[in-house]
Amino acid sequence: MRTHVPRRARFAGAVLAVAAVTATAVPAAAAAPDTAERTPAYLNARLPVAQRVSDLLGRMTLAEKVGQMTQAERGAVDADQQQITDLALGSVLSGGGSTPTPNTPEAWADMVDGYQSRALATRLHIPLLYGIDSVHGDNNLVGATIFPHNVGLGATRDPGLVADVEHITATETRATGPQWVFAPCVCVTRDERWGRTYESFGEDPKLVQQMETAIDGFQGDGSKDLDNRDRVLATAKHYAGDGDTTYGTSTNGTYKIDQGVTITDWQHFAQTDLAPYVTAVQQHDVGSIMPSYSSVQWTDRAGSTPVKMTANKELLTDVLKQKIGFDGFLISDWEAIHQLPGDYATQVRTAVNAGIDMFMEPNSAPQFEQTLLGEVQAGRVPMSRINDAVSRILKSKFELGLFEHPYTDRTNIGTVGSAQHRAVARQAVAESQVLLKNSDKALPLKPSQKIYVAGVNANDLGNQAGGWTVTWQGQSGNTSFPGTTILQGIQQAAKNVTYSADASAPTAGADVGVVVIGETPYAEGVGDVGNGHTLNISAADRANIDKVCGAIKTCVVLDVAGRPQIVTDELSKMDAFVMSWLPGSEGAGVADVLFGTKPFTGKLSVTWPRSEDQEPINVGDRNYQPLFPYGYGLTTHR
């Protein structure tokens, strides 16, 4: 899918057309200035990026620099877009569920271009960087291809496929406006009670490192391909240790483990939590990194107390930027600095001096800019820190080609949700399925068999996609986005299929029962076990297993969930058991392996516990006695 992109029209010419821009129209690029003397060095695309950055930085006022360090949410500026110009904003983002109306590819592109026109109306015409959480496809956009979440992709053990998945995500995202994604999550999940387990590729840092081909899928070859129409700036998150926090240490409302404290020694932290970021920086040249909400407390340092990552100068600057060599920019998480000690000025000062470069202040951009200006003017934040931050941000904008081509290149907009893209998603679903039990060759199924399907999750797109799908938390049902449910995939493969969500329909005459159990959508700490959630399967799912597996000779159970669920007492009732994870929009990929069109090849990306009390349990632990070990997975032949 790699596309050759000709040199774009010069940005300086585009600026001349700004006056003609409306929120829904894209101006044609005017001719470039005909003499080098009339073109500022920063607008000369032939010059090295470092020289362009230096030239532009030298022309900027302090207020303009602070503006570049500020990111606002679209909901806070949409009604008064002049704020983008007046605040000289460097970036705007869409949070989960923050979309244009209608939520279509064209409306997205129009919206982003409208905001861009406001940024180009500033004195130096510095283009806007638009960020979005494309964490399993361009998942805020209705009609986008929705891929399995990372925990399923980790189960594929297929780095090349993961690169293809994120290349498609990059293509669909950039064609609709945003040039920057807050993905991939390279966290190492060490406790499946964490509500973000499904955002991790797995519990072994080596597996996470292998799957960081995701960064290449987004960005292409380092910074060389970023200005292509099918690439976006990637963000490795959440630096570092967010999947390794101790249960019960979260101080955020009712959360239990998310945003908690990673209580660790340096050796474990370096080998488990930090290792994926070394790879992201040194092997994949990731363009941005998002520090975690979580804290670190050292067990090998006397008197150590928890320090929020957003305030951790040692880990952000000394380790990440200086020792590891990260030359991109750090973007804070949503209002993350508000969790730091002290008043707002102290929070801003602490985070900037720790090394944060851009600040996700969704609803308080004006206050942030005023506060940071005051801190610099008072000498509490050095200009050297401001210049370093802005240089890093501008570097990315130049590498993305935004100064030459600030508006959305819509060439690939017709590929959003295309059959070609969905075919790759279907392949990813099939490769992610993990066969955990298969007695008497219950699988693969035969199309000629009479099949009885039970369970709500068999026919619920929202449940099989999970959180971060159209909205932040996701939602159950089949009305939010297009796709194929697991039931529909089974119906495409077999002619005689009966479906009963609650297993109330008669089972007589069925050759095989397929019970689909699992979770309903959640995201972040909302999904923490103990925060209204449990690893135990629901009473309804248990009843369906008991009824169908008790009545039909051959019984297959599929688990549609973002993490392992406790099935220890039910396992003996099943002839076959499959972990389907959160497959996304292409449920037919599940049917592909059920019916043997494709073989089962997936391997567990996390350890499967016998009980909830066994968490945290990870490969390499002493007294390691899980229900299914990390890396387990039976295979079948095509």
Side-chain angles (χ1 to χ4, degrees), residues 71 91 93 129 131-136 149-151 153-154 159 162-163 165-167 169-170 173 178-189 196 198-202 204-223 226 231-244 262 269-294 296 309-310 312 315-317 319-334 336 355-358 360 392-393 395-396 399-400 468:
Q71 182 185 63
S91 180
L93 85 148
L129 188 56
I132 191 170
D133 286 282
S134 292
V135 298
H136 65 137
H149 274 290
N150 286 351
V151 71
L153 294 180
V162 170
V165 163
E166 304 305 11
H167 190 184
T169 300
T173 300
Q179 321 94 352
W180 178 22
V181 296
F182 306 131
C185 186
V186 297
C187 52
V188 182
T189 179
R196 305 191 82 146
Y198 63 76
E199 295 189 49
S200 171
F201 289 113
D204 184 348
K206 293 183 178 63
L207 174 60
V208 175
Q209 289 170 302
Q210 291 170 3
M211 296 300 112
E212 287 184 37
T213 50
I215 297 170
D216 305 328
F218 285 128
Q219 296 190 164
D221 183 5
S223 60
L226 280 175
R231 301 295 183 179
V232 291
L233 189 73
T235 306
K237 66 182 189 183
H238 304 90
Y239 180 88
D242 56 330
D244 201 12
T262 305
F269 182 80
Q271 293 176 346
T272 302
D273 305 311
L274 192 60
Y277 293 92
V278 177
T279 304
V281 171
Q282 297 181 355
Q283 294 185 26
H284 301 283
D285 195 21
V286 70
S288 68
I289 289 177
M290 182 182 292
S292 177
Y293 283 117
S294 58
V296 172
M309 194 60 63
T310 307
N312 200 318
L315 291 175
L316 296 182
T317 298
V319 173
L320 180 59
K321 290 183 175 180
Q322 297 177 3
K323 185 176 181 179
I324 297 175
F326 176 57
D327 64 356
F329 68 94
L330 294 175
I331 171 70
S332 65
D333 210 332
W334 182 282
I356 302 295
D357 301 307
M358 183 183 284
M360 190 183 294
R392 291 168 178 269
I393 295 164
K395 171 179 172 288
S396 292
E399 290 174 346
L400 282 161
W468 292 108

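Keep in mind it's a predicted model, so treat the numbers as computed, not measured. Each residue takes its place number in the sequence, starting with 1.
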Distance in Å, Thr213 OG1 paired with Gln283 CD, rounded so as to fall on 0.5 Å steps
11.0 Å

Roughly how far, to the nearest 0.5 Å, is the OH atom of Tyr239 from the CG atom of Leu315?
5.0 Å

Would you say the side chain of Met358 lies within less than 4.5 Å of the side chain of Ser91, judging by non-hydrogen atoms?
yes

Within the 4.5 Å heavy-atom criterion, are Met290 and Leu330 side-chain neighbours or not?
no

Measure from the side-chain N and O atoms of Ser200 to the backbone N and O of Cys187, and report whether any donor-acceptor pair falls under 3.5 Å.
yes

Side-chain contact test, heavy atoms from C-beta onward, threshold under 4.5 Å: evaluate it for Val181 versus Thr173 and give yes or no.
yes

How long is the gap from CD on Gln209 to OH on Tyr277, to the nearest 0.5 Å?
11.5 Å

Side chains of Val135 and Cys185: closer than 4.5 Å at any heavy-atom pair?
no

Inter-residue atom distance Ser396.OG - Trp180.CH2, 0.5 Å rounding
8.5 Å

Using 0.5 Å steps for rounding, measure from the CD atom of Gln219 to the CG atom of Leu226.
5.0 Å

Could you check whether Arg231 pairs with Asp221 (Lys NZ or Arg NE/NH1/NH2 to Asp/Glu carboxylate O, under 4.0 Å)?
no

Partners of Thr262 by side chain to side chain donor-acceptor pair (under 3.5 Å), sequence neighbours excluded?
none

Please round to the nearest 0.5 Å and tell me the distance separating atom OH of Tyr198 and atom NE2 of His136.
7.5 Å

Who passes side chain to side chain donor-acceptor pair (under 3.5 Å) against Asp242, sequence neighbours left out?
His238

List in chain and number order the residues that pass side chain to side chain donor-acceptor pair (under 3.5 Å) with Asp244, two or more places apart in sequence or in another chain; answer none if no residue qualifies.
His268

Would you say the side-chain atoms of Asp204 pair up with the backbone N or O of Lys206, donor to acceptor, closer than 3.5 Å?
yes

Of all the heavy-atom pairs spanning Met309 and Leu316, show the shortest one and how long it is.
O-CD1, 3.3 Å

Could you tell me whether the side chain of Leu129 reaches within less than 4.5 Å of the side chain of Phe329, counting heavy atoms only?
yes

Identify the residue among Leu207, Ile215, Val208 that makes a side-chain contact (heavy atoms from CB on, under 4.5 Å) with Met211.
Leu207

Is any side-chain heavy atom of Leu233 less than 4.5 Å from a side-chain heavy atom of Gln179?
no

Can you see which heavy atom on Val188 is nearest to which on Pro276, and at what distance?
CG2-CG, 3.8 Å

Phe201 to Ala214 - nearest heavy-atom pair and separation:
CZ-CB, 4.2 Å

Donor + acceptor pair across side chains of Ser332, Thr310 (<3.5 Å):
no

Side chains of Leu93 and Phe182 in contact at under 4.5 Å (non-hydrogen atoms)
yes

Restricting to non-hydrogen atoms, name the atom on Ile331 and the atom on Pro291 that form the minimum distance, rounded to 0.1 Å.
O-CD, 3.2 Å

Full working for side-chain hydrogen bond (donor to acceptor under 3.5 Å, both in side chains) between Ser134 and Thr169:
CA-CA 7 Å; Ser134 292; Thr169 300; over 6 Å; no

So, Asp357 and Lys395, do they make that salt bridge, N to O below 4.0 Å?
no

